[in-house]
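Letters A, B, ... mirror the listed sequences (proteins, then strands); counts begin at 1.
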Protein chains: 2
Amino acid sequence: MGAKPQLIVKGRKFDQVLEGARNVFMRDGFERASVDDIAREAGVSKATLYAYFPDKRLLFLECASAECRRQAADAESHIDPNAPIADVLRLAAERITAFMLSEFGQRIYRVAVSESENFPAIAQEFYHSGPKLVQGRIAEALRCAVERGEVAIDDIPFAAAQFAQLCKVDIQDRLIFAPAPCCTPQDTTRVIEGAVAMFMARYGVKV
Amino acid sequence: MGAKPQLIVKGRKFDQVLEGARNVFMRDGFERASVDDIAREAGVSKATLYAYFPDKRLLFLECASAECRRQAADAESHIDPNAPIADVLRLAAERITAFMLSEFGQRIYRVAVSESENFPAIAQEFYHSGPKLVQGRIAEALRCAVERGEVAIDDIPFAAAQFAQLCKVDIQDRLIFAPAPCCTPQDTTRVIEGAVAMFMARYGVKV
DNA sequence: GATGTTCTGAACTGAGCGGTTCAAATTTAT
DNA sequence: ATAAATTTGAACCGCTCAGTTCAGAACATC
């Protein structure tokens, strides 16, 4: 049989550890997560865990980095640069709101904010593999649309940031601060349509 | 001499305790703040502290509530409902960005997010005495402007939320996630002017 | 099935923290 | 001055948690 792809990981349980840590850290944050809990969740002995990661902080850093990479990979959507810009924006808005509404999106944001002071490196990585990356994608699409003459924009990155921001209207704050059932699909749709309408009103070229 | 205003507080050191707790909680968050630290910061013995607040959580709740009230009081600015709406919005935007950029604004947001899961009541109070309140103020101003025929808006609260959101473009994320020197006054001005321009393009009535 | 590696489980250390206690000291009120 | 209320400091309890240790079991490899 063909040799299985031998990864650089030293032992069998490496991935289990990372997976378990991911769950617990995302659930409880860095401080409240206990190493014993992580070991239990990972189905691994504490000794094994410490064989791989001699320090809780290192384990957290590794997890957070992995999550950021995963997040960036998930954002790898193919944007059709030839579609009408309003459609492209609507699609982007749908992805942004969906991410915010997802369990994963909320948890990672919370953890990133909470630990941004103790782990500034992680905060930066999150920023670049999340908001900044999205902004860049939108900017690319806008650049195409400007060339096609659909929109007139002087500061493209800024306009992209404005649009991304408009997608969060009322959703982000309520998700974080208000109790659970706070964003109906209708709300989301209104935010998305509102964002597109506002953006086109500002930058759209009258036909 | 006239009797000093006797507050309902039982002892002399009550305010000291609250003040010290405020500082430490805002610096370290709930979990990382130690009661011994708070007592030291307040210049008060641990026994005294526990005489007033028999529980760390109660102390935190009291502090957070007080901060929310303070925050709401600070927002008590007089909006001239007869001024042109663009000017009103510009002023509101300046206040919003100034708050975000302030040390206080950043700390309270961070703490609110961090503790929103363990203290949902606090999170809600923060939301209502902060973002929600601001949104309400803007909505009022918009209502006047609609009556004057300066703008045409169907969903006023939503439009207010949109504007408030536009004031945070790129600032909020960078303040939280990126290292310190990240927002020049020029950046801020661009965000404010960009928000007003966009809002007026969408809702302004052509003269 | 022998050998070397990885994993286990459970006990242990040491430190920090929330919360308590109390006799003595200080402040305030009468 | 005296009595009552408040504050102090320091020791103390019980608990949790990060990190260590190690003899032996499970596993992989040849």
Side-chain angles (χ1 to χ4, degrees), chain A residues 1-64 111 114-115 118-119 122, chain B residues 1-64 111 114-115 118-119 122:
Chain A
M1 321 223 187
K4 288 173 192 169
Q6 281 293 99
L7 297 174
I8 315 111
V9 281
K10 303 107 197 178
R12 296 160 271 155
K13 309 276 180 105
F14 186 89
D15 293 341
Q16 279 183 47
V17 173
L18 226 55
E19 169 72 10
R22 187 197 95 102
N23 292 339
V24 178
F25 279 138
M26 293 283 273
R27 167 160 42 88
D28 297 340
F30 176 75
E31 211 79 42
R32 299 179 64 92
S34 92
V35 177
D36 295 74
D37 245 34
I38 293 173
R40 202 176 314 122
E41 172 82 18
V44 147
S45 81
K46 217 173 155 187
T48 303
L49 188 156
Y50 272 100
Y52 288 124
F53 300 96
D55 185 325
K56 188 188 177 186
R57 296 181 91 254
L58 292 177
L59 180 54
F60 179 72
L61 288 169
E62 197 52 46
C63 277
V111 173
S114 298
E115 310 303 339
N118 296 90
F119 299 90
I122 289 300
Chain B
M1 321 230 186
K4 289 172 191 167
Q6 282 292 100
L7 297 174
I8 315 112
V9 282
K10 302 108 195 180
R12 296 160 272 152
K13 310 279 182 99
F14 186 90
D15 293 342
Q16 279 184 47
V17 173
L18 226 57
E19 169 72 10
R22 188 198 95 103
N23 292 339
V24 178
F25 279 137
M26 293 283 273
R27 167 159 44 88
D28 298 339
F30 177 75
E31 212 80 42
R32 299 178 64 91
S34 91
V35 176
D36 296 74
D37 246 34
I38 293 174
R40 202 176 313 120
E41 171 82 18
V44 147
S45 81
K46 218 173 153 186
T48 303
L49 190 155
Y50 272 100
Y52 289 123
F53 300 94
D55 186 326
K56 188 188 178 188
R57 294 180 93 256
L58 291 179
L59 179 54
F60 178 72
L61 289 169
E62 197 52 46
C63 279
V111 172
S114 298
E115 310 304 340
N118 297 91
F119 298 88
I122 290 299

Residues two or more places apart in sequence or in another chain: which of them pass salt bridge (Lys or Arg N to Asp or Glu O under 4.0 Å) with [X]?
X        : answer
Arg12(B) : none
Arg57(B) : none
Lys56(A) : none

How many whole angstroms separate atom [atom1] of [X] from atom [atom2] of [N]?
X        : N       : atom1 : atom2 : value
Phe25(B) : dC17(C) : CZ    : P     : 13 Å
Leu49(A) : dA10(C) : CG    : C1'   : 16 Å
Arg40(A) : dC7(C)  : CZ    : P     : 20 Å

Below 3.5 Å, can you tabulate the donor-acceptor pairs from side chains in residues 37-46 of chain B to any protein atom, sequence neighbours excluded?
| from | atom 1 | to | atom 2 | distance (Å) |
| --- | --- | --- | --- | --- |
| Asp37(B) | OD1 | Arg40(B) | NH1 | 3.0 |
| Glu41(B) | OE2 | Asn23(B) | ND2 | 3.2 |
| Ser45(B) | OG | Ala47(B) | N | 3.4 |
| Ser45(B) | OG | Thr48(B) | N | 3.2 |
| Ser45(B) | OG | Thr48(B) | OG1 | 3.0 |
| Lys46(B) | NZ | Asp36(B) | OD1 | 3.4 |
| Lys46(B) | NZ | Asp36(B) | OD2 | 3.4 |

Practice problem: Sugar-phosphate atoms are those with a prime plus P, OP1 and OP2; base atoms are the rest. Using that split, label each nucleotide of nucleotides 2-7 of chain D B, S or - for protein heavy atoms under 4.0 Å, 5' to 3'. | Solution: ----SS

Quiz item: For every nucleotide of nucleotides 10-24 of chain D, 5' to 3': is a protein heavy atom under 4.0 Å from its base (B), only from its sugar-phosphate (S), or from neither (-)?
Solution: --------BBBBB--

Quiz item: Taking only residues two or more places apart in sequence, or in another chain, which ones meet Tyr50(B) in a ring pair (Phe, Tyr, Trp, His ring centres under 6.0 Å)?
Solution: none

Quiz item: How far does the helix from dG1(C)-dC30(D) to dT30(C)-dA1(D) bend, going by the axes of its first and last five pairs, to the nearest 10°?
Solution: 30°

Quiz item: Sub-3.5 Å donor-acceptor pair from the side chain of Tyr52(A) to the main-chain atoms of Asp15(A), do we have one?
Solution: no

Quiz item: How would you list, by chain and number, every residue that makes a side chain to side chain donor-acceptor pair (under 3.5 Å) with Glu31(A), sequence neighbours excluded?
Solution: Arg32(B)

